[in-house]
Amino acid sequence: LEYLLARVTHQAPDFFERYVQFQTKVDTVTYDETTETFAVTTTKTTTEESSPEPQQQQRTFDKVIWAAGEYGIPKMPKEITQALANFTRGPVVHSTQFCRGTT
């Protein structure tokens, strides 16, 4: 783990502050065929003292990776699976399948 952290933060010491959102729930992911982008709506799952209401945010990305871990509930929407087929060369699997060895 320390090696991976060192590799990630070597070129970008603020990598986690800039690119990773902890304690955040993904509400929706929608693929737009016209712009070939994903609209991701999230809600912060913890409230801060200055903002007692949950904060919702929508951002746009050209690629999306879902990494819920082996205890996530498998859900692979058809439109996402189809969109991923254009970006990958191998099979698309849910992380629960990979971790439990069912692929």
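For the numbers below, each heavy atom of this structure counts, side chains included, while hydrogens, waters and symmetry mates do not. When a residue number appears, it is its place in the shown sequence, counting from 1.
Remark: Glu17 CD is packed, more than 12 non-hydrogen atoms of other residues, nucleotides or ligands lying under 6.0 Å away.
Side-chain contact between Thr43 and Gln55: absent, with no pair of heavy atoms (C-beta onward) separated by less than 4.5 Å. Taking 4.5 Å as the limit, some side-chain heavy atom of Gln56 sits within range of a side-chain heavy atom of Asp27. Taking 4.5 Å as the limit, every side-chain heavy atom of Gln58 sits out of range of all side-chain heavy atoms of Val40. Phe16 has its side chain within reach of Val8: a pair of non-hydrogen atoms, C-beta onward, lies under 4.5 Å apart. Between Lys25 and Lys44 the shortest side-chain heavy-atom distance does not fall below 4.5 Å.
In this structure, a donor-acceptor pair under 3.5 Å is present between the side chains of Thr41 and Thr28.
Of all heavy-atom pairs between Thr24 and Phe22, the closest is OG1-O, 2.9 Å.
Here the two rings, on Phe61 and Phe38, have centers that are 6.0 Å apart or farther.
A donor-acceptor pair under 3.5 Å is formed between the side chain of Thr45 and the backbone N or O of Gln23. When atom types are taken as modelled, the side chain of Asp32 and the backbone of Thr35 share a donor-acceptor pair closer than 3.5 angstrom.
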Discussion item. Could you go through Gln21 and Arg59, starting from their C-alpha distance and side-chain angles, then the distance that decides it, and tell me whether this counts as side-chain contact (heavy atoms from CB on, under 4.5 Å)?
Written reply: CA-CA 12 Å; Gln21 291 184 4; Arg59 297 179 66 191; 3.5 Å; yes
